[in-house]
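Lettering of chains follows the sequences in order, A, B, ..., and the numbering in each one begins at 1.
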Protein chains: 2
Amino acid sequence: MHSNVHELIERYLSVSFLVNKKAVALVKCELDEMTNDQYYLLRYMSKRNVCTSSELAAVFAVNKSAITAMTNRLVEKEMIQRLRDDNDRRVIYLSLTEKGKTWLAETETKIHHLVESLITQFSEEEIESFIQTYEKLANILQKLEETK
Amino acid sequence: MHSNVHELIERYLSVSFLVNKKAVALVKCELDEMTNDQYYLLRYMSKRNVCTSSELAAVFAVNKSAITAMTNRLVEKEMIQRLRDDNDRRVIYLSLTEKGKTWLAETETKIHHLVESLITQFSEEEIESFIQTYEKLANILQKLEETK
DNA sequence: CGATATAGTTCAACTATTTAACTATTAAAT
DNA sequence: ATTTAATAGTTAAATAGTTGAACTATATCG
């Protein structure tokens with residue numbers, strides 16, 4: 001073990017927590033009447049087109065009952081809809097409504113402008129290598145989860 | 001604007017959210033009876049030695065009333081203590097109790113082992129440059145906040 | 001002195017989360 | 001084929017975190 005691993009860990013813990021807090025606060029400004037978690041839930045569902053509660057619980061690393069609560073709120077807001085699978089009647093598919101798609105599209109535009117104003121302060125090489133390492137970390141965390 | 005900035009932003013939004021969720025879930029395993037936010041609050045207070053509610057609210061990017069609620073819970077758990085400033089009696093200083101210091105020290109050891117097992121899967125250069133970019137981002141977010 | 005600013009708290013309302021117990025449905029075993 | 005297991009999702013109670021508005025107390029400034 002290198003002597004400065006300890007220091008690197010300290011720096012990582014501090015900076016990751018701080019950036020997350022500040023980023024969440026910044027993003028929140030663009031999401032009237034919706035929360036950060038709701039935005040990311042819609043984002044994920046939109047990418048997958050259709051998905052289940054269990055899948056969301058795994059991806060978001062929370063219990064299924066937390067997903068039930070969150071999706072209830074999104075259904076109330078008419079952002080998503082539930083559709084029971086006829087082959088396996090235990091399964092309920094979740095998907096965005098037209099209203100959900102519209103809201104997400106508008107929001108993505110705002111968020112992109114926001115992130116773009118930050119990201120363009122770095123060189124493309126720096127950002128590319130930063131995101132690559134970040135993605136590598138995501139894979140390691142994913143594998144770690146699967147082995148548990 | 002480069003043609004792939006859009007794609008970089010998408011990748012960043014996805015990966016940052018995912019890593020954060022997974023990391024929080026991992027860290028939580030090491031924190032019996034305490035929450036992630038409580039851990040980071042103690043961590044920050046420990047580094048600063050002594051601090052105020054207003055400072056915490058600014059750093060954690062939340063309202064002061066959120067800090068009151070959180071510090072109440074930490075006082076109940078006897079992890080921190082409040083001490084009124086005699087010069088300016090509006091101000092209340094927060095600091096860790098002995099119990100808080102002990103708990104934090106033990107927890108830091110566990111978290112360090114956890115993060116170390118992840119971080120050592122990268123080369124030192126890769127981690128160093130990753131954290132540097134991360135810190136640069138933190139500074140940009142900090143400045144952005146100050147100008148608002 | 002009186003107005004204004006600052007530090008912190010309280011309260012009501014809401015979101016997010018966990019755990020345990022539950023319903024409904026499917027798959028597997030004998 | 002019928003009982004047993006597992007799977008998908010919900011419900012309910014409890015706790016944590018958060019906001020915003022109204023509030024108390026204290027300090028500063030003109």
Checklist outcome for this item: From CG of B/Leu74 across to C1' of C/dT9 the rounded distance in Å is 16 Å
Item to check | Residues within residues 49-58 of chain A bordering DNA chain C, heavy-atom distance below 4.0 Å | outcome: none
Next on the checklist: Strictly by Watson-Crick or wobble contacts shorter than 3.5 Å, is anything paired with C/dT23, and which nucleotide is it?
Outcome noted: D/dA8
Checklist entry - Could you walk me through whether A/Glu76 and A/Arg73 pass the salt bridge (Lys or Arg N to Asp or Glu O under 4.0 Å) check? => result CA-CA 5 Å; A/Glu76 270 166 36; A/Arg73 287 185 285 267; over 6 Å; no
Checklist entry - Does one side chain, of A/Arg82 or A/Thr71, offer a donor that lies under 3.5 Å from an acceptor on the other? => result yes
Checklist outcome for this item: Relative to its sugar, using the 90° cut-off around 0, the base of D/dA5 is syn
Checklist entry - Hey, is the side chain of A/Arg82 poking within less than 4.0 Å of OP1 or OP2 on D/dA8, counting only N and O atoms? => result no
Checklist entry - Between atom CE in A/Met34 and atom P in D/dT19, what is the gap in whole Å? => result 17 Å
Item to check | Flag for A/Tyr134-B/Tyr134: side-chain donor and acceptor within less than 3.5 Å | outcome: yes
Checklist entry - Contact class for A/Asp85 (heavy atom, under 4.0 Å): base, sugar-phosphate, or nothing? => result nothing
Item to check | Plane angle bin for B/Tyr44 and B/Phe60 - parallel if under 30°, tilted between 30 and 60°, otherwise perpendicular | outcome: perpendicular
Would you tabulate the nitrogen or oxygen pairs shorter than 3.5 Å linking the protein to nucleotides 15-22 of chain C?
unit_1: C/dA16; atom_1: OP1; unit_2: A/Thr35; atom_2: OG1; d: 2.5
unit_1: C/dA16; atom_1: OP2; unit_2: A/Arg73; atom_2: NE; d: 2.9
unit_1: C/dA16; atom_1: OP2; unit_2: A/Arg73; atom_2: NH2; d: 3.0
unit_1: C/dT17; atom_1: OP1; unit_2: B/Lys21; atom_2: NZ; d: 2.7
unit_1: C/dT18; atom_1: OP1; unit_2: B/Lys28; atom_2: NZ; d: 3.1
unit_1: C/dT18; atom_1: OP2; unit_2: A/Asn63; atom_2: N; d: 2.8
unit_1: C/dT19; atom_1: O4; unit_2: A/Ser65; atom_2: OG; d: 2.7

Checklist entry - Under 4.5 Å between any side-chain heavy atoms of B/Trp103 and B/Leu31, yes or no? => result yes
Checklist entry - When you match B/Arg90 and A/Asn72 each to their closest nucleotide on DNA chain D, which lands nearer the 5' end? => result A/Asn72
Checklist entry - Do A/Glu78 and A/Thr97 meet the criterion of a side-chain donor-acceptor pair at a distance under 3.5 Å? => result no
Next on the checklist: As an exercise, state the distance from CD of B/Gln142 to CG of A/Leu18, rounded to the nearest 0.5 Å.
Outcome noted: 7.0 Å
Next on the checklist: Output the rounded distance in Å from CG (B/Leu42) to P (D/dA16).
Outcome noted: 14 Å
Next on the checklist: I'd like to know whether A/Glu7 forms a salt bridge (Lys or Arg N to Asp or Glu O under 4.0 Å) with A/Arg11, so could you lay out the CA-CA distance, the side-chain angles of the two residues, the decisive distance to 0.1 Å, and finally the verdict.
Outcome noted: CA-CA 6 Å; A/Glu7 194 220 314; A/Arg11 284 168 66 197; 3.8 Å; yes
Checklist entry - Going by distance alone, is a donor N or O of one side chain under 3.5 Å from an acceptor N or O of the other, for B/Glu10 and A/His112? => result yes
Item to check | Rounded distance (Å) that lies between atom P of C/dC14 and atom CG of A/Leu31 | outcome: 19 Å
